[in-house]
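Here is the structure we will look at, set down as C-alpha cells.
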Amino acid sequence: MKSITRVLSLLAMFSASLLANAETFVFTAIPDEDESRLQQRFNKVADYLTEQLGVEVKYIPVKSYSAAITAFRNDQVQLAWFGGLSGVQARRIVDGSEAIAQGYEDQFFKSYIIAHKSAGLTPAETLSDALKGKTFTFGSKGSTSGRLMPEFYLREHFNAAPADVFERVGFSGDHSRTIAQVQSGAYQVGAVNYSVWDAEVAAGKIDTNSVQVIWTTPTYPDYQWTIRGDVDARFGEGFKEKVRTTLLNMTDKDLLASFPRQSFVPASNADYAPIEDTAKAIGLID
Amino acid sequence: MPNNRHWEINSTGKKLALLSLLFLLSALICIPFADLKIYPSEPWRELGRIAWGFVTPWWDDPWLLVQALGQTIAFALLAVVLAVPVGMLLAMLWHWRVVRMLAASVRAVHEIFWGLLFMQLWGLSATTGLLAILIPYSGVFAKVFAEIFTRQSPLPQATLAPASDRFSRYAYTLIPQAFAELSHYVRYRFECALRSSAILGFIGLPTLGFHLETAFKQGQYSEAAALLWVFFILIATIRFWLQPKLLPVYVIAAIWLLPETPPVSGGMLWQFISEDIWPRSLQDGDLSAALSWYARVFTSEAWPALLQTLMLTQLALVLTGAIALMVYPLGSRALAGRYRLPGRGLLLVLRSTPEMMFAFVLLLLFGPSGLPAVVALALHNGGLIGFLAAGHSEKQIQRLDDPSGMNRYLYQQTPRLYPGFLAFLFYRWEVILRESAIMGILGIATLGFFIDSAFEELRYDKAFFLILVTALLNILVDSVSRRLRRVSGAEDAGGLG
Amino acid sequence: MTSVTSAEVLFRLQGHSVSHGRHRVLHDINLSIYAGEKVALIGPSGAGKSTLLDCLYPQQAAYTALCPQQGGLVDILSVYQNIYMGGLERHHALYNLWNLLRPRPADKAQVSELTRLLGIDDKLWHSVDKLSGGQRQRVAIGRALFRQQPIFFGDEPVSALDPTQAEAVLKMLIDRHQTLIVTLHNRRLALTHFNRVIALRDGFIHYDGAAADLSEQQLDALYAQ
C-alpha cells in the first residue's frame with residue numbers, strides 16, 4: 001500500500017495540484033547550534049505536541065533559513081522555529097502569521113565579535129577602528145546573530161558597508177565554522193552567536209589563547225515560534241492559543257535542550273519590529 | 001579545414017600543443033588580476049582534527065546512514081532512468097535549433113540552483129530532488145547522445161525506406177549501432193548523478209550530503225569522514241552492484257524510498273512563474289523602471305561577478321589539466337602496473353569529495369581568496385579527468401616491445417590520450433564555471449555567490465535574472481569550447497563528456 | 001506494388017560530373033535507364049561505379065531497395081531484426097518498437113521464409129556480428145528483398161558468396177525486381193544475367209549497350225592496366 005502511494009506521488013510530480021492533507025500539523029526548526037540528528041531530536045518534540053494538541057504533528061528537517069521560509073509560505077509547514085530575521089521575512093510574505101512564543105534567552109540575545117590573536121585586537125566597550133582592513137567572516141547569510149545584527153552595528157560604527165571596512169568579507173555559513181575559521185586565523189575577525197560561543201568554550205573546544213571575544217553587541221530579540229494565520233480555520237477554533245500554551249508549558253529539559261533554550265515565553269510580532277527596521281536599514285528587505 | 005590559410009599547421013600534435021599553450025597563456029594573464037593572496041594562519045590544530053577524523057570514521061546510527069544512502073541512490077537512479085529517454089528524444093530532434101538551445105540552457109544551470117528553484121515550489125520533496133537532477137542531465141544526455149549518433153556509420157540508415165519514421169529509424173539503426181557507447185556513457189553519468197544527489201543534500205534533501213554538511217560544519221570530522229568513506233565505497237563498487245538485470249528491482253525500490261512530495265497548490269506555482277521571479281516594477285507595468293532595475297543588478301553584481309568567475313574558471317581549468325596529467329598514470333594499469341591500487345584510491349577520493357570540503361580545508365591553509373577556490377576546483381576536476389584518462393590509457397593496444405616507465409608515459413600513453421584529454425577538459429570548462437558558484441564561503445563574489453544570496457534574501461527576481469546571466473555565459477563558453485574542439489581536432493572525447 | 005510503368009525513364013543523367021575535393025570521380029555522364037532494364041555496372045576499382053549508384057539513387061529513392069557494399073548491418077541486432085527493418089515504413093513507430101521486443105508471428109513467418117531462401121534460416125536469431133562475411137551479405141540482401149520495391153540497387157551484392165550461391169541469389173534478385181542496377185566484379189555474372197552493361201573507367205563511360213554486344217576484346221581493354 002505504501003509503495004503504491006509512493007508511485008502515485010511520483011506520478012503526481014508533474015501536476016501542481018494535490019489534495020491537501022489537512023490532518024497533519026507540520027513544523028520545522030533550525031536550532032542555532034548542533035544541527036546533527038535533527039530528525040530524532042525533534043521527533044520527540046513532535047510526539048509531545050501530538051499528545052498535547054490532539055492532532056498528528058510531524059517534524060520536517062530543513063537546511064537553511066530560506067528553505068524554512070519557503071516551506072512556511074507554501075503551507076508545507078504551519079509552525080516554524082525561526083531566527084529573528086527569518087521570522088520577520090516569513091511573516092511579511094504570509095498574511096496573518098504570528099509570532100507566538102520565543103525562547104527565554106531570545107528576549108535579550110546578543111552576538112560576539114571574535115578575533116584571532118594575530119589581528120592584535122583587544123576586548124573593548126566599543127568597536128575598535130583597528131578592525132579596518134582586517135579579513136572578516138559572518139556566519140550564514142540569513143542569520144540574525146551571525147549576520148544581521150553584527151552588520152548593523154558595524155555599519156553604524158564605521159558608517160560604511162562591511163565590504164568597504166574590511167579587506168575581505170566571507171560567509172562561513174555557520175557559527176561553528178566561523179569559530180573554526182577565526183581560531184585557525186584563516187579569517188582574522190568574525191561575528192558569532194553568543195550562545196554557540198559560550199557552549200563551545202564550556203565544552204573546551206576553543207583555544208582561548210588564539211581567539212577571543214573583542215566586542216559584544218547590545219541585546220536584541222532573536223528566535224521565535226511563528227504560526228500561520230489559517231490554523232484556527234484548519235485545525236479548529238482556538239488551535240493557535242492551544243499551540244502557544246503547549247509551547248509555553250514545555251518543561252521537559254530533554255525537549256528544551258533541542259533548541260537549546262531553558263524555557264519558552266510569550267512573544268508577539270511587535271517584539272520583532274527592531275529586527276525588521278534593522279533589516280530594512282541594511283537593505284536585506286525592502 | 002580550407003587550406004588557403006598560410007598559418008595552417010599540418011601536424012595534429014602541433015595544433016594541440018599550440019591550443020594548450022594558448023590556454024596556459026590566458027591563465028597566466030589572469031594571475032596578476034585574479035585574487036590569489038595568501039594570508040598567514042595557524043591551521044594545524046584544525047587540520048589535525050580533520051586528518052584525525054578522516055582516519056577515525058565513526059557513525060553511531062547505522063539505520064540513518066542506510067536511509068541516507070538509499071535515498072542518495074534513489075534520487076540518482078530515478079533521475080537518470082527518466083533523463084535517458086528524455087535526452088534520447090531530444091537527441092533525435094537535434095536538427096531543430098530550438099531543441100539544441102533548450103538543451104544548452106537547461107544544462108547551463110547547476111543542479112544546486114535547479115534544486116533551489118524547485119524548492120520554492122515543492123519544498124524538500126522527491127519532486128525537487130528528481131527534477132534538479134533530471135532536467136540538467138536531460139540536456140547533457142541530449143548533447144552527448146547527439147554527438148555519439150553523428151559518429152555512427154550512416155549506411156544502415158541508407159538502406160531503410162526513406163518513408164520510415166524517425167523513431168523507428170533510430171530504434172533500429174543508430175541506437176543499436178551506438179549501444180555500447182551509449183550505455184558506457186549512461187553508466188559514467190550515473191556516477192555523476194550519485195555525486196549530484198549527494199550534493200543536493202547540502203540544500204536539505206535527505207541524501208548523504210545532508211548529514212555530511214552538518215557534520216562537517218559542526219566540526220564532527222569523524223562523522224563527516226564516515227559519510228565520505230561510505231560514499232567512496234558506494235562509487236568504487238558501482239560496477240559490482242549496478243547490474244542491468246537488477247535495474248527493475250532497483251527502480252521499484254527507489255520509488256518506494258523517495259520522500260513524500262507535500263501538496264502544492266496550482267496558485268503557488270502560478271504565482272512563482274508570474275510574479276515572484278519578475279521585479280516589482282515589471283509587474284506594475286513600468287518598463288523603464290524594470291529596465292533600470294535589470295541594468296543596476298547587471299552592473300553592480302552580475303558583471304563584476306562574471307569577470308571574477310571567468311578568471312577563476314580559467315585558472316582552475318589549466319590547473320585541472322596539469323593535475324589530471326600528473327595523476328592519471330597512478331591509476332593506469334599500463335603505467336603503474338600492479339601498484340595502481342593506491343593511485344586508483346587517490347583518484348576516487350579526489351573525484352568523489354565535494355569541492356566544498358576541499359575549499360574549506362584549503363581556506364584554513366591559505367586564508368580566504370581565490371587561491372583555495374582554484375585549487376579545490378582543480379583537485380576535484382583533475383581527479384575526475386585523471387580517472388577517465390586512466391581508464392582510456394588501459395584500453396590502448398599494447399605491444400611486447402613497448403617502452404616502459406617515463407618513456408611510455410611521454411611517448412605513448414600521453415600523446416595518444418591527448419586529443420581526448422583536451423576534449424574532456426573543454427567539456428569540463430562549463431562544469432567548472434558552474435561549480436565556481438560555491439565559493440561564497442571564501443569571500444569571493446562569483447556569480448553563484450550572488451545567486452545564493454538572492455535566494456537567501458528571498459529575492460527570486462534577482463536570483464532568476466542572475467541564473468539567466470549564468471546560463472547565457474555558460475552557453476557562450478560551451479559554444480567557444482565546441483569551436484575549439486573542432487579546430488583542434490580534439491573532438492572525440494570517446495563519448496565521455 | 002508499383003506505380004512504375006514499363007518503358008518509362010526512371011533514371012537520367014545529363015552532362016553529370018562529380019568531384020571529391022580536387023579529385024574528379026565522374027566526368028560528363030549521359031545516360032537514361034528505363035523501367036524493366038537489368039543493368040550491370042562494371043569496371044576496375046576506383047572507376048566511379050559506387051559514385052554513379054549514389055547519383056542515381058535519389059531519383060527513385062522511394063521505390064528502390066538498396067544493398068550497399070558494406071551491407072549497412074546493425075551488429076548487435078539479430079538477423080531477423082536486420083531484415084525486418086527493410087519494412088519499417090509499413091508500420092507505425094509503436095508497432096516497430098514492439099517488434100524489437102516481441103516479433104509478431106506474421107512478420108516472423110515472412111522474414112524466415114526469406115532467410116530460408118537465402119540459406120541462413122538457422123541463424124535467424126543470431127546477432128549479425130557473429131556471422132561470416134558471406135552470411136552477413138545474405139542478410140543485407142534479405143533486407144533489400146524485404147523492402148519489396150520494384151527497383152534494386154546493389155553494390156557488389158554477391159561478392160562474398162561462392163559461385164553457386166552467388167548465381168542463385170542473383171537470380172532471386174532479378175526475379176523479384178523489375179529494374180536492377182548492380183555493380184559487379186564478376187564479368188561472367190554480368191554478361192549472363194543482365195541485358196544492359198555500363199562499363200566505367202576513370203570516371204568515363206567506356207561502354208554502354210547490350211550485354212550480348214560486348215566483346216572479349218572490349219572487356220580486356222576495360223580492365224587493362
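The chains referred to below are lettered A, B, ... by the order of the sequence lines, with proteins before strands, and numbering in each begins at 1. This is a predicted model, so every value here is computed, not measured.
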Legend entry - Steps toward ring pair (Phe, Tyr, Trp, His ring centres under 6.0 Å) verdict (C:Tyr34, C:Phe11): CA-CA 7 Å; C:Tyr34 295 86; C:Phe11 302 94; over 10 Å; no

Legend entry - Among the listed options C:Leu73, C:Thr64, C:Leu97, C:Leu77, the residue most often paired with chain B at heavy-atom distances under 4.5 Å: C:Leu77

Inset, instruction - For the residue pair B:Phe424 and B:His392, categorise the inter-ring angle as parallel (less than 30°), tilted (30 to 60°) or perpendicular (more than 60°). - result: perpendicular

Inset, instruction - Tell me, for C:Tyr84 versus chain B, whether the close heavy atoms (under 4.5 Å) come from the side chain, the backbone, both or neither. - result: side chain

Inset, instruction - Give a yes or no on whether the backbone of C:Lys108 and the side-chain of C:Ser112 come within a donor-acceptor separation of less than 3.5 Å. - result: yes

Legend entry - Proximal component of C:Asn82, with respect to chain B [non-hydrogen, under 4.5 Å]: neither

Inset, instruction - Would you mind checking if C:Arg136 and C:Asp75 are paired as a salt bridge, meaning a charged N to carboxylate O distance below 4.0 Å? - result: yes

Inset, instruction - Name the region of B:Phe167, side chain, backbone, both or neither, that has any atom closer than 4.5 Å to a heavy atom of chain C. - result: side chain

Legend entry - Contacting moiety of B:Thr173, where chain C heavy atoms sit under 4.5 Å: both

Legend entry - Flag if over 12 foreign heavy atoms under 6.0 Å of CZ, B:Phe179: no

Legend entry - Residue part contacting chain B, namely of C:Tyr57, when any heavy atom lies under 4.5 Å: side chain

